[in-house]
Every structure is written in C-alpha cells, then in structure tokens.
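Heads up: the structure comes next, in structure tokens.
Since the structure is predicted, the reported quantities are computational estimates derived from the model, not experimental observations.
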Protein chains: 2
Amino acid sequence: MSMYTASSLKSELNDRGWRMTPQRETILQIFQNLPKGEHLSAEDLYNHLQQMGEKISLSTIYRTLKLMARMGILRELELGEDHKHYEINQPYPYHHHHLICVKCNKTIEFKSDSVLKIGSKTSQKEGYHLLDCQLTIHAVCPACQRAISPL
Amino acid sequence: MSMYTASSLKSELNDRGWRMTPQRETILQIFQNLPKGEHLSAEDLYNHLQQMGEKISLSTIYRTLKLMARMGILRELELGEDHKHYEINQPYPYHHHHLICVKCNKTIEFKSDSVLKIGSKTSQKEGYHLLDCQLTIHAVCPACQRAISPL
DNA sequence: TATTTATTGAGAATACTTTTTAATAACTCC
DNA sequence: GGAGTTATTAAAAAGTATTCTCAATAAATA
Ligand SMILES: [Mn+2]
Ligand SMILES: [Mn+2]
Ligand SMILES: [Zn+2]
Ligand SMILES: [Zn+2]
C-alpha cells in the first residue's frame, strides 16, 4: 500500500523474474494521473490510450490490469456495472471507500481511518499480507428512492 | 436488513406489483438454510436445486438472484473467482465481512460492529437507503506468501 | 552482443449472463 | 370461485466481458 514509480515497479517486477515494458509504464502513469473519483474499465483505458495515440492491445490491457491488481498497485472495483473498474491503490490518507446506488450505480467516495485500521488488524491477525481493503456500501440514492422502480 | 420469510417476501413483491412464485420461495429457503460460511454461485444453486429434485431454469436463477440482491435480501459477493457468489443478507449480529487471498481465493469471514456503524452513518448522511455494507480485504494468505508465485 | 524467455498483439475461444419468445400461472376484480 | 390481465417461467439464442493461443518481439542477464 505504498506509492509506486516507474522504477520501483521495475524493481519489483525484476525481483520476481518479470519485466518492465513501455506498456506497463504507460498504464501506471495513466492511473497515477487519473482525476480523483474517476474509475476506468478495461475498455475505458483502451479508449483513453487510443486518444493519446498509444496503441496497446486489449489483451495486454486485461493482463496488465490483473497483474497490477494482484500486486496491490491497482484496486479492482465492482461498481454495479457488468464489468470491473480500476483505480490506483493509494495509501493513507488518500485511501477511500465507495457508496453505490444499486439502481443507477451513482457512486460516492468517502474516507474512513477506522475501516483502514480494521483491515490491517484483521489481516495481521490471520497472518495475511494486506494489499487493499474496500468498504462497499450498497444502497438506494435519494433520486432512485423517489422514482417508481421498474426493479 | 431484516429477516425475510416467504410471506414477508410475498408482501413486499405484491406491494410493487410483482408476484410470489414457488421458484422464488424455494430459492429463498435454500439461502436461509445455507450453512454459515457457504456462498453459492448461480451454477452452484442450479446444481443444488437439481439434487433436491427441483427443476428451476438457469435464467430464472439469474433473474431471481439479481432481484433478491437489489431488494437487499441477498448479498452479491466478489470472491476473486470469475463469477459472483451469493449469501443471505443477515442483520446484526450475524452480519459479517470477508478476507480474501488474491492468489488462491481462500476466504475468511469476520465480524465488525464498527464497520456496520460506519455503513449506516455514511449512507444516512448522504440520504441513501442502506441495503448492505461489505468490507472486503484483499490480501495474500500465509500459504501463498511462502509459495513461489507464478503471478 | 548473444542468449534466454517474458511479453505483446491479433484473433479465436471461453464462460458468464442477459435477452427473446411463447406458454404458464399469480394476482386482481368482479 | 372464475375471468381477465400480465408478470414470470423455461429453453434456446444472443450478447459481452475476459481469457487463451501462438508466432513475433524485445527486455533482462551475463
Ligand atoms: Mn474510487
Ligand atoms: Mn459470507
Ligand atoms: Zn440511484
Ligand atoms: Zn492463498
């Protein structure tokens, strides 16, 4: 749960016998510069890259997202849509959680030190090495409460 | 976040112009009787039903799982596999959270009153109607920390 | 620089989930 | 209780996100 740079990522990859590539560096940069509150799907990232003139294949994007999520660099989020979203996994005090409307998927971010503490305490107690902890609140937003619901 | 019975489910469905069916009642019962710590995928549920001699189609299962999740009766869980898992959404003090190994998907359940409080406080503050809150901790279990990792 | 092999890109394949359709059956209102 | 309305079901087809395959490329290492 610390900050990554291109070179620290390279070190960690090389230590495990893996390789740093321009594709991985580019993807890391995009997430590092992503505005607060934005979350990218694989397809979003693909489009984002195309607009920048970068050509990275969808296969590579999927592979890289999964790799970085398992390394703890990215967080994999379920925001109620039919695909995963990703964002950079920031340490305290930028670490945050999500409140999601199950009907319209509107998402609000919020912080909580105590959740972070519970996460590290719990993983420590079980001997797990912590990568990320996310509190996801499923609820119905004010607008959807008023709407006559088709589901 | 309260306990459902077949008749309370029927009432809530009818209030919205929907219908109670034997399929929905059967599926509710299965989740109510599921052993602590067990989570079912759509396919798991389908097989479970077949063994009971019940014939409910996969489409109906998918529809019912989504319906009950949106109603707050079931929790939809991402346990690291390529499909969703479901369990009954129990109120305090049975409500719990999950610690997941990102490498082998081993899952441990744990309780936390304070997370529950944060969940209700946060949703209330934003005017959201709370359905469920889940703290998901992504980590590496002791066994996988020792293993030479292919990823 | 040469060697090794992890990684990439393109497309094919897979797997999960949703949609479509006609038939059925729950609910409502007499 | 019975008739009418329409939500729900089963089965199959379709859709879509994600993974896999494989030959070509290029990072790491010495
Ligand atoms: Mn976020
Ligand atoms: Mn559970
Ligand atoms: Zn909403
Ligand atoms: Zn593990």
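Both A/Met20 and B/Asn14 lie near DNA chain C, and the one whose nearest nucleotide falls closer to the 5' end is A/Met20.
When the C1' atom of C/dC27 is taken as reference, atom CG of B/Asp15 falls 13 Å away, rounded to whole Å. B/Asp82 places its CG atom 13 Å from the C1' atom of D/dC20, with the value rounded to the nearest Å. Taking atom CD of residue A/Glu25 and atom P of nucleotide D/dA26, one finds them 16 Å apart after rounding to whole Å. Across the protein-nucleic acid pair, B/Arg16 atom CZ and C/dC27 atom P stand 15 Å apart, rounded to whole Å. The CD1-P distance, from B/Ile61 to C/dT18, rounds to 13 Å in whole Å. The CG atom of A/Leu45 sits 15 Å away from the C1' atom of D/dA17 (whole-angstrom rounding). Here the P atom of nucleotide C/dT17 and the CG atom of B/Leu67 are 16 Å apart, to the nearest Å. Per the geometry, CD1 belonging to A/Ile56 stands 11 Å off C1' belonging to C/dG9, to the nearest Å.
A/Ser112 has its side chain out of reach of A/Leu135: every pair of non-hydrogen atoms, C-beta onward, lies at least 4.5 Å apart. Inter-residue side-chain proximity for A/His98 and A/Glu87 is flagged as met; some heavy-atom pair is nearer than 4.5 Å. A 4.5 Å side-chain heavy-atom check between B/Val102 and A/Leu131 finds at least one atom pair inside the cut-off.
Residue B/Glu43 is out of contact with every strand shown, counting any heavy-atom pair closer than 4.0 Å. Among the atoms of the strands shown, only primed sugar atoms or phosphate atoms (P, OP1, OP2) are found under 4.0 Å from some heavy atom of A/Thr21. In this structure, A/Leu58 reaches neither bases nor backbone, as no heavy-atom distance under 4.0 Å exists between it and the strands shown. Within 4.0 Å (heavy atoms only), A/Arg63 reaches at least one base atom of the nucleic acid.
Applying the 4.0 Å criterion to OP1 and OP2 of D/dT19, one finds that A/Lys66 has a side-chain N or O inside that range. Listed pair B/Gln23 / D/dA10 meets the phosphate criterion, a side-chain N or O lying under 4.0 Å from OP1 or OP2. Residue B/Thr60 places at least one side-chain N or O closer than 4.0 Å to OP1 or OP2 of D/dA10. A close approach under 4.0 Å does not occur between any side-chain nitrogen or oxygen of A/Lys55 and OP1 or OP2 of C/dT8. Under 4.0 angstrom from either OP1 or OP2 of C/dT18 there lies no side-chain N or O belonging to B/Tyr62. When the side-chain nitrogen and oxygen atoms of B/Lys10 are compared with OP1 and OP2 of C/dC27, one or more of them lie within a distance under 4.0 Å.
When each of D/dA11, C/dA15, D/dA7 is scored by its nearest atom to the side-chain atoms of B/Ser59, the top-ranked nucleotide is D/dA11. Comparing D/dA10, C/dA15, D/dT9 by their closest approach to the side chain of B/Arg24 singles out D/dT9. Of the candidates D/dA17, C/dC16, D/dT18, C/dC16 carries the atom nearest the B/His83 side chain, counting heavy atoms from C-beta on. Which of C/dT17, D/dA27, C/dA25 sits closest to the side chain of B/Arg19 comes down to C/dA25.
A side-chain N or O of B/Glu12 and one of B/Tyr4 form a donor-acceptor pair less than 3.5 Å apart. At a cut-off of 3.5 Å, with distance as the only test, a side-chain donor of A/Glu109 or A/His39 sits close to an acceptor on the other residue.
In this structure, the separation between CE on B/Met3 and CD on B/Gln32 is 7.0 Å, given to the nearest 0.5 Å.
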